[in-house]
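Reviewing the structure listed below.
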Number of protein chains: 2
Amino acid sequence: MATIYEVSKLAGVSLATVSRVMNNNTPVRESTRKKVLAAMEQLGYRPNSIAQSLASNCSNSVGILVSELHGPFYGAMLTGIEAEFRAAGKHVIIAAGHSELATEQEGIEFLQSRSCDALILHVEAVSDDYLIKLAQTDTPFVLLNRQIPALADRCISLNNELGGYLATQHLLAQGHRDIAYIAGPMWKTDAKERYQGHQRALADYQLVANPALFFEGDFRETGGSKGLSAILATGLPFTALVCGNDEMASGALTAARELGLSVPDSFSVVGFDNVNFAYYTYPKLSTIDYPISAMGQMAARWVLREVYRSATVEVQQLFEPHFIPRDSVKACSPT
Amino acid sequence: MATIYEVSKLAGVSLATVSRVMNNNTPVRESTRKKVLAAMEQLGYRPNSIAQSLASNCSNSVGILVSELHGPFYGAMLTGIEAEFRAAGKHVIIAAGHSELATEQEGIEFLQSRSCDALILHVEAVSDDYLIKLAQTDTPFVLLNRQIPALADRCISLNNELGGYLATQHLLAQGHRDIAYIAGPMWKTDAKERYQGHQRALADYQLVANPALFFEGDFRETGGSKGLSAILATGLPFTALVCGNDEMASGALTAARELGLSVPDSFSVVGFDNVNFAYYTYPKLSTIDYPISAMGQMAARWVLREVYRSATVEVQQLFEPHFIPRDSVKACSPT
DNA sequence: TTGTAGGCGTTATCAT
DNA sequence: ATGATAACGCCTACAA
């Protein structure tokens, strides 16, 4: 592989000049520029990005830590991020944190050791304090799907509470009063906030959530099926079920079918996230939209603006969810 | 950030010695090792990976090019790859090729310019010749889901033809004779091979595929729904439908339901890939298993073995699919 | 076992 | 506008 040195020799100029035409940061006479370009072309010269990084103290790489690489949710997020960075010539290093404390911390350290210029973190297990400490470090980072007041300027998040509110509010407006709830792991902020929204919507109608109709699931399909069984086992009547995310809703739909119950005739179901497959369940799932791809893109832009100082479009940090009506909810028939 | 130099000063040894304890490739007296370790600890020393890369001519990074970052298929693949590399201390740079020629080539060049030690390529649009030329370059790469005879030693692929054969064979064994087929884009090798397997299975029964019952889709859900409409529009009878992948099968299921047809009573459906949501469709989709996560892992191992010379477990390059019976197929009732 | 010194391919600061 | 030359932080013969 040709080096800058060989290019300079062939072009009959100095190292520095070659560097200048590459980065065009310093004026170079047009004729010499041409000479250099020609030499580069002739040698098939490609700058060594490692050497550039060492000398410029900028690796042009940003680390992404997500909980999982698979699953409809993170895929959409990564797509938004990658597209934005690729266009800017930055590259993306990914690591999975698996929602586990140790793995998430390791992941962050791993990414830091790779000398990323910045980090985009979608972490769940790590504590607020840990992140606040991390902010003292000289590796800048943005937080996706998390709200920490002390770090508000680097948080990009959805109003989960509002989403939870909207889901339940829609059911209430349809006449439902006995509403079961399958939550995600309540130690996860988004699961908790969604549930709080649920409670607020109930309060609007002078109602209170019935603890017997509550189940704490795992955000996965099995959580939905187990949750439904548990709720049915109470023998209590209910006409609607809110699930903390679409995966659990899908599990609940499947379980209901296997038990001979039909949705929405036996009861209505609402999910959360609007992942791509929500449209392909049967019945099609009514859910809350989570614009995760756009949010990933915003995280990328934040980095572009704050770290690479490129003049980019506005960065939106707070996103509002909205309700997507489909076929899994119907009005509560007066009995 | 502390450098190796400061560590050496604090420990009272030379630069070289510090480097040696880090890489432990050269014997170092235990007492000096301790001193160095202590100094590193005290300074919170972290090696600069960029400098390491420049000096050692090894970036410890491998580039991954996939068609898409979202979708159940690639997610599973990335998971297999990331886990394997992370454990080996290598990191993963990803790029999306979107199944488009220009984007795939750009992606490869992008990854090369990032001085990856190796590439894992899941490319569809790029030609065999291009890849054969690429093999002359000094960037080693493995091919996932592609078979090129001249590059056989770096191909990790599934026997798609066999998969296609198994899908149809199962239907034939269940008594089906009029079998419709919704293929993926036929310029994609896997789509073509799956269809060839379909034809071979038919041939076993002295049957020939009916071109009127064939539809070329796009591997996406809409392909399945459009395909089903097109096939129904012919008015020809059929009792089973094979789809080139699960996404299209899912689309066909949804479309069938909307048309008032019930699967598998009106007709049976088989998919391909066994993506995670295949279990959550209604009815649960009978399909062909595609062990993509394991294949991703193998690609990673190939790199570990061939490029990083680490003694790893055997690398399996050829994978065999098998049939997963679920609820979308039933025996053809004799009429 | 340990130290010395040259090199990896750029960038960037001075001069000129 | 251009050229020397010193970083950048580490690795690795070669010597001792």
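Residue contacts shown for A:S53 are absent, as no nucleic acid heavy atom lies under 4.0 Å away. Using a 4.0 Å heavy-atom cutoff across all strands shown, A:S49 reaches no nucleic acid atom at all. A:R33 comes within 4.0 angstrom of no nucleic acid atom, judged by non-hydrogen atoms across all strands. Within the nucleic acid shown, B:N57 has no heavy atom closer than 4.0 Å to any nucleic acid atom. In this structure, B:V18 reaches neither bases nor backbone, as no heavy-atom distance under 4.0 Å exists between it and the strands shown.
At least one side-chain nitrogen or oxygen of B:N23 sits closer than 4.0 Å to the OP1 or OP2 atom of D:dC11. An OP1 or OP2 oxygen of D:dC8 is reached within less than 4.0 angstrom by no side-chain nitrogen or oxygen of A:S56. For the pair A:Y5 and C:dG7, the criterion of a side-chain N or O lying under 4.0 Å from OP1 or OP2 is not met. Taking only side-chain nitrogens and oxygens, A:S14 comes nearer than 4.0 Å to OP1 or OP2 of D:dG3. Within the structure, every side-chain polar atom (N or O) of B:T17 is placed at least 4.0 Å from both OP1 and OP2 of C:dT2. Residue B:S19 has a polar side-chain atom (N or O) positioned under 4.0 Å from OP1 or OP2 of D:dC11. Side-chain N/O atoms of B:Q52 include none lying less than 4.0 angstrom from OP1 or OP2 on D:dC10.
Taking atom NZ of residue B:K9 and atom P of nucleotide D:dC10, one finds them 14 Å apart after rounding to whole Å. When rounded to the nearest whole Å, the span between CG of B:L54 and P of C:dT10 equals 9 Å. Taking atom NZ on B:K35 and atom C1' on C:dT1, their separation rounds to 12 Å, with Å as the unit. Distance B:I50 CD1 to D:dG9 C1': 11 Å, rounded to the nearest Å. The nearest whole Å value for the distance from the CG atom in A:L15 to the P atom in C:dC14 is 19 Å. Whole-Å rounding puts the B:M22 CE to D:dC10 C1' distance at 8 Å.
Remark: the A:T139 side chain and the A:T137 side chain contain no N/O donor-acceptor pair separated by less than 3.5 Å.
For the pair B:N25 and A:T32, both in contact range of DNA chain D, the more 5′-proximal nearest nucleotide belongs to A:T32.
Comparing C:dT1, D:dC11, C:dT11 by their nearest atom to the side chain of B:I4 picks out D:dC11.
Put simply, the side chain of B:R20 and the base of C:dG3 share a donor and an acceptor less than 3.5 Å apart.
Within 6.0 Å of CD on B:E30 lie more than 12 heavy atoms contributed by other residues, nucleotides or ligands. Counting heavy atoms of neighbouring residues, nucleotides and ligands inside a 6.0 Å radius, atom CG of B:N23 exceeds 12 of them.
A donor-acceptor pair under 3.5 Å is formed between the side chain of A:W302 and the backbone N or O of A:D153.
No side-chain heavy atom of A:M1 sits under 4.5 Å from any side-chain heavy atom of A:N48. At least one side-chain heavy atom of B:N145 sits less than 4.5 Å from a side-chain heavy atom of B:Y290.
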